[in-house]
Every structure is written in structure tokens, then in C-alpha cells.
2 protein chains.
Amino acid sequence: MSNLVLGIDIGGTNTGFALVDEYGKIHFKENLATLNYVEFIDLAKHIFSIIANAVSTNSELLMPISIGVGAPNGNYFRGTIDFAPNLRWEGIVDVKYAFDKFFHVPTCVTNDANAAAMGEHRFGSAKGMNDFVIVTLGTGLGSGFFVNGKLMYGHHSYGGEMGHIIVESEGRPCGCGRKGCLETYSSVTGLKRNLLELISSGSESELIDFKLEDLSGKMIEEAAGRGDKASLEAFEMAGKYLGKAMANVAAITDPEAFILFGGLAQAKELIFKPTTYHFQQNLLEIFKNKIKVLPSALSGNNAAILGAAALAWDSVL
Amino acid sequence: MSNLVLGIDIGGTNTGFALVDEYGKIHFKENLATLNYVEFIDLAKHIFSIIANAVSTNSELLMPISIGVGAPNGNYFRGTIDFAPNLRWEGIVDVKYAFDKFFHVPTCVTNDANAAAMGEHRFGSAKGMNDFVIVTLGTGLGSGFFVNGKLMYGHHSYGGEMGHIIVESEGRPCGCGRKGCLETYSSVTGLKRNLLELISSGSESELIDFKLEDLSGKMIEEAAGRGDKASLEAFEMAGKYLGKAMANVAAITDPEAFILFGGLAQAKELIFKPTTYHFQQNLLEIFKNKIKVLPSALSGNNAAILGAAALAWDSVL
């Protein structure tokens with residue numbers, strides 16, 4: 001029986017968790033509805049009871065030797081979730097404390113994008129890389145950076161907010177209260193906004209009758225696949241802003257690779273092609289053709305859990 | 001007698017070097033004219049003979065236990081200077097090899113901005129900081145980053161090219177061959193270009209009859225001190241671009257402080273005031289009033305040598 005860790009991905013809707021070995025193999029996995037738990041400690045307790053029950057009844061399983069938690073606004077230094085707008089618990093949630101009450105093993109917490117970076121580094125596309133960037137293209141745009149072989153947390157544990165680089169002064173309003181942030185153009189939400197802007201400027205589209213809240217990234221991806229003009233342009237726009245921003249980021253951190261992760265990245269060539277083109281166009285000469293742009297090797301439902309598990313392994317290996 | 005290291009700052013015109021103890025005290029210092037040496041190894045040999053002679057004749061001195069070299073395009077991983085446009089030696093210069101021929105102690109090489117960051121970290125404003133950024137505002141704009149307590153070299157040893165973040169698409173032509181790089185607005189050269197652009201747009205100035213090559217940063221600083229309108233606006237413009245770029249960089253690396261260094265930084269409030277204002281204006285809410293903007297504590301001629309000496313100490317401590 002090999003040692004196992006517990007990887008937990010806490011999202012606004014679902015909380016997924018799994019017992020994972022050091023090769024990234026999942027031995028047991030379960031999901032809970034995050035919204036059902038008024039107090040965070042109740043969620044921790046329920047996860048404990050499910051894991052304890054599974055271990056008690058399955059001779060192949062052991063209790064985890066450490067716990068990794070990926071969550072929006074996860075604070076690595078404090079082991080907390082701080083003021084996460086999309087979670088039901090307000091203020092500062094002491095995640096480490098709650099799990100310690102039941103499991104009595106080391107618990108590490110980080111944000112979703114950092115967890116994804118840990119996962120790619122241990123189990124995915126970034127194996128063996130010391131310096132890389134993961135860009136998570138979901139509802140928003142997150143990022144996690146490895147520098148000198150380690151995750152870059154930053155001084156306040158807020159490192160990697162690449163989605164909030166301002167790419168257009170006086171650009172689109174962003175949820176952060178400012179204007180022109182990268183994630184307002186290059187994320188699933190950004191893609192939808194690109195489409196509506198393009199349609200309103202006269203670009204033709206089969207999606208002309210949809211409102212923002214009725215659109216999905218998948219609908220635009222499928223329309224683009226059928227040659228829909230505005231949808232193709234919406235991807236081009238997302239890729240242009242993303243590629244240019246990546247070129248600026250490369251000038252700062254000089255990574256070996258950028259790894260694109262999340263819903264928008266699953267649109268494959270539709271997003272990779274314009275992103276890579278504008279990235280190369282805007283790179284400093286010394287970096288040209290030296291920095292890879294790769295898809296995640298952890299795609300699918302388990303990626304976030306594997307990232308959290310990698311964090312847990314990192315704390316004990 | 002305390003142990004000493006040799007810090008060497010190689011510039012296009014002068015090469016300064018000094019024997020430095022672990023507290024940053026200079027025990028012996030000398031300068032040579034860089035242009036006099038056809039082959040790099042001749043420069044290394046001359047430095048050796050001067051140091052050996054000084055040590056032989058001064059009972060307070062010892063031969064250095066390690067050597068640190070700061071130079072334009074210094075490559076830490078290879079111990080070389082690579083294709084430096086402002087030095088007389090072409091191609092790749094094997095610095096480590098040359099010093100090893102004479103001194104037989106470890107030699108480390110890095111670029112000027114990284115050396116400055118090492119110096120601030122060991123002897124200056126960044127003592128005790130694990131995550132900070134140094135911005136060198138000279139003829140160009142360089143930068144050096146500490147992340148997790150260590151210098152961020154990047155995968156190809158080209159990290160920290162903050163001067164080549166593109167801040168205006170289709171902006172001013174830059175020496176790197178692209179357009180709109182930060183250093184074309186926020187550096188001594190950028191300041192001069194700002195002034196001429198402002199004058200040509202009708203802003204009043206006592207410097208109206210000067211050409212780019214006849215202007216200096218000091219002239220604009222002095223004119224601004226006398227209330228010259230275009231000169232004040234030129235500083236405001238340099239600070240606006242720099243402050244906004246620093247806010248974007250903060251979103252990525254989440255530093256404890258930015259430290260401004262070099263000629264333009266010596267203009268004090270003229271550059272600090274607009275930079276800090278636009279930095280705060282453009283920061284993500286979570287960072288507001290949390291990130292310091294500080295002057296270098298190593299100002300003056302010795303800063304670059306102390307940075308190189310810090311690199312040398314880092315390799316042995």
C-alpha cells in the first residue's frame with residue numbers, strides 16, 4: 001500500500017476531493033455541493049467522515065499523510081481562504097484549522113491557479129521545468145508562476161494576478177473595479193464580451209440574438225467551428241490580448257513555457273493559434289522561438305484536484 | 001583581517017572594481033578605461049595585477065575569496081557576457097574563464113540590474129526582503145527581481161527585462177526593434193524624448209533650442225526645478241508610464257517594494273511623485289498601500305561595484 005495524500009478543490013458550486021498517490025493516480029474520489037455547508041468546519045467534517053469511511057471499508061486505502069487545498073483566494077501563508085467573492089463563507093476562513101481538527105496532518109492551502117501550476121509541475125506538462133507560467137482561462141483569467149523551481153507566492157500571497165494586468169487604458173470595466181484588465185478580453189467571459197462587441201460593430205454572426213448571460217464559451221466555440229465570422233473574430237481578439245500580455249510577462253519572468261489551462265484552452269487551435277501568433281509577434285528578439293506555449297496535460301475534471309494533491313505532496317516530499 | 005571579495009562593474013566606458021568585506025565596506029578600489037583592452041583577458045590580467053600589487057603592499061588586504069562581475073548582458077548560467085551592444089568585445093565573452101586564469105576562485109557574472117538587486121538585498125534598501133523589484137533608470141531601464149528570497153534569473157538568464165514591456169502599441173521606436181517599450185518613456189533617454197515631444201506639441205520650455213543629443217537628464221531636472229513647464233511634464237510622463245507598468249508588474253510578482261535606482265531616480269520627488277501617484281492609481285485593490293516605493297540606499301558611484309560584490313558574497317556564504 002502506497003502513501004496517499006488528500007487533494008481538495010473547493011469551488012463555488014462543487015467541492016471535489018480525492019486520495020492521490022505520488023504518481024498522480026487517484027485511488028478514491030468524491031464530490032460535495034459546496035453550498036450545503038453553512039460553516040466551513042461542517043464541510044471539513046463531512047469530507048473527513050467520507051474519507052474515514054472509505055479507508056475503513058477498502059483495504060487498498062490509507063488515511064492521507066497530508067492535505068492540499070486549492071480554493072479561490074486561498075492564502076498559502078496563513079492557510080486560509082480570504083474574502084472569496086464566489087464562496088458562501090464571508091471574511092477569512094481558517095481552512096488549516098478546520099482540517100486539523102479531524103485529520104491531524106499538515107494542510108496547505110493555495111489559490112486555484114497556483115494549485116494548477118503545482119499539478120502541471122508534478123504530474124503534467126511542466127514536469128522538470130523550473131520556470132514556467134500556467135494561465136487558467138475560465139470564467140476569469142488566473143495564473144500561477146514557477147520561478148527557480150518553486151511556486152512564486154509573492155510577499156502578500158497574491159502573486160500571479162495576470163488576469164489583472166491592464167491591457168487597455170480606459171478599456172472594459174472589470175470586476176476588480178478598474179478598467180481594461182486582461183481577463184475582460186481573454187477568458188470565457190471575455191470571449192463572450194468580445195463576441196457581443198464585434199456583433200454590435202457590424203460583424204455577422206448566427207449568435208446575434210443572444211444576450212451575454214445566455215451565451216456560453218462552448219456555443220461560441222461551436223459557431224466558430226461552423227465558420228461563424230464574429231465567433232472566429234472573438235477568439236482572435238482573446239488570443240491577441242493574451243499573446244501580447246504573455247510577451248510582456250515573458251520579458252519579466254523569462255519562462256521556459258506558458259501552459260494554457262481551463263475552458264477556453266479546450267477550444268484548442270481556435271485560441272492557441274491567435275495566442276501563439278501574437279505572442280511571437282510581440283516577443284523581444286532574444287526570446288523568439290525559445291518559449292513554448294503548451295496545452296495542459298491535466299485537462300478534465302481531475303486537474304484541480306491533482307493540483308491540490310501536488311501541493312500536499314510538495315509539503316511532505 | 002576579514003575575508004574580502006572582488007566586486008567588478010564593467011561598463012562601456014569605465015570598469016570599476018573593489019575589495020569589499022561582508023558588511024559592504026570597501027577596502028581598496030580602482031578604475032580602468034574599458035576601451036583600452038582589445039581582448040577581455042587583458043582586462044582580467046590588469047585587474048589581477050593591480051589587486052595582487054595592492055595586497056602585496058598593504059598588510060590590511062587579502063586576496064579575494066570570490067569574484068562577482070556585473071556587466072551589460074551578463075549571463076549568470078554561463079559566466080559570460082553575451083552580445084553586449086555597448087562593449088567593445090563582440091559575441092560571447094568568457095568572463096569566468098578569464099578571471100579563473102589568474103585568481104583561481106569562484107567567479108559569478110550577472111547583468112547590471114541583477115547586480116544592483118543583489119547589492120540592495122545585502123547592503124541596501126532591500127535588506128531582509130524576500131520579494132522585491134529594483135528598477136534601474138539610466139540610459140535605458142533595467143530591472144532585477146527577488147522572488148522567494150532569490151534572484152529571478154529566468155530560464156534563459158534573461159529575466160527582468162521590464163524596460164521592454166510594451167506600454168503603447170505602435171508607440172515610440174525602441175532600440176530592441178519593437179515599438180512602445182517602457183524604456184522609451186521612463187529612463188533618462190525617455191525623459192529627453194518626452195521633453196522634445198511635449199515641446200513639439202506646444203508646451204513651453206527654456207530648453208526649446210536643444211536637440212536630443214545635446215540634452216541631459218540633469219539639464220531637464222534643473223529646468224524642472226526652476227518651474228519649466230515642459231520639463232515638469234516630461235517627468236510626469238515618465239512617472240505615469242513607469243507607475244502604471246509597476247502596477248502591472250505588482251499584479252504578477254506581488255513584491256514587498258519597488259526600489260528606484262540610477263540617474264533618473266536621483267531626481268527624487270520629480271520622478272518619485274508621479275511614479276507613486278500613478279502606481280497607486282492603477283494598483284489592484286488588494287495591493288493598495290501595501291507595496292513600498294523606495295529610493296536606493298546604494299546611490300553613488302559604488303552602487304554597481306557593491307552589487308557585484310554582493311553577488312560574490314552570495315556565492316560563498
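Predicted, not measured: the structure shown is a model, and the values here were computed from it. The sequence lines fix the lettering, A, B, ..., with proteins before strands; numbering per chain opens at 1.
Using a 4.5 Å cut-off between heavy atoms, A/Asn130 does not touch chain B at all. Contact annotation for A/Asn282: both backbone and side-chain heavy atoms come within less than 4.5 Å of a heavy atom of chain B. Contact annotation for A/Ser157: only backbone heavy atoms (N, CA, C, O) come within less than 4.5 Å of a heavy atom of chain B. Residue A/Ser143 does not touch chain B at all, counting heavy-atom pairs closer than 4.5 Å. If you measure heavy-atom distances from A/Phe145 to chain B, the contacts under 4.5 Å come from the side chain alone. For a residue to count as touching a neighbouring chain, one of its non-hydrogen atoms must lie under 4.5 Å from one of that chain's; by this rule A/Lys179 does not touch chain B. Using a 4.5 Å cut-off between heavy atoms, A/Leu182 makes no contact with chain B at all. Proximity to chain B is limited to the side chain of A/Phe287, based on heavy atoms less than 4.5 angstrom apart.
Between A/Glu285 and B/Arg178 there is no salt bridge, since no side-chain nitrogen of the basic residue lies less than 4.0 Å from a carboxylate oxygen of the acidic one.
Screening B/Val93, B/Ile92, B/Asn73 for a side-chain contact (heavy atoms from CB on, under 4.5 Å) with B/Thr80, the sole residue that qualifies is B/Ile92.
Ranked by non-hydrogen atom pairs under 4.5 Å with chain A, the options B/Leu151, B/Leu283, B/Val249 are led by B/Leu283. Highest contact tally toward chain A, considering only B/Met152, B/Met129, B/Lys244, is held by B/Met152 [criterion: heavy-atom pairs under 4.5 Å]. With respect to chain A, the highest number of heavy-atom pairs below 4.5 Å among B/Asp131, B/Ile286, B/Leu284, B/Val133 belongs to B/Leu284.
Other residues, nucleotides and ligands place no more than 12 heavy atoms under 6.0 Å from the OH atom of B/Tyr277.
Under a 3.5 Å cut-off, the side chain of A/Ser125 and the backbone N or O of A/Pro295 do form a donor-acceptor pair.
A/Val293 is listed as a side-chain neighbour of A/Phe272, based on a closest heavy-atom distance under 4.5 Å. Looking only at side-chain heavy atoms (C-beta outward), A/Leu311 and A/Thr110 come within less than 4.5 Å of each other. Put simply, the side chain of A/Asn194 reaches to within 4.5 Å of the side chain of A/Arg172, judged on heavy atoms. Residues A/Asp112 and A/Pro72 are in side-chain contact: their nearest non-hydrogen atoms beyond the backbone lie under 4.5 Å apart.
When the heavy atoms of residues 160-168 of chain B are compared with those of chain A, the residues falling under 4.5 Å are B/Gly160, B/Glu161, B/Met162, B/His164, B/Ile165, B/Ile166, listed by number.
Ring geometry, A/Phe279 versus A/Phe258: the interplanar angle exceeds 60°, so the pair is classed perpendicular (tilted spans 30 to 60°).
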Task: Evaluation steps, side chain to side chain contact (heavy atoms under 4.5 Å, CB included), between A/Tyr185 and A/Lys240 - done: CA-CA 9 Å; A/Tyr185 301 90; A/Lys240 186 178 86 178; over 6 Å; no

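A donor-acceptor contact closer than 3.5 angstrom is absent between the side chains of A/His156 and B/Glu256.
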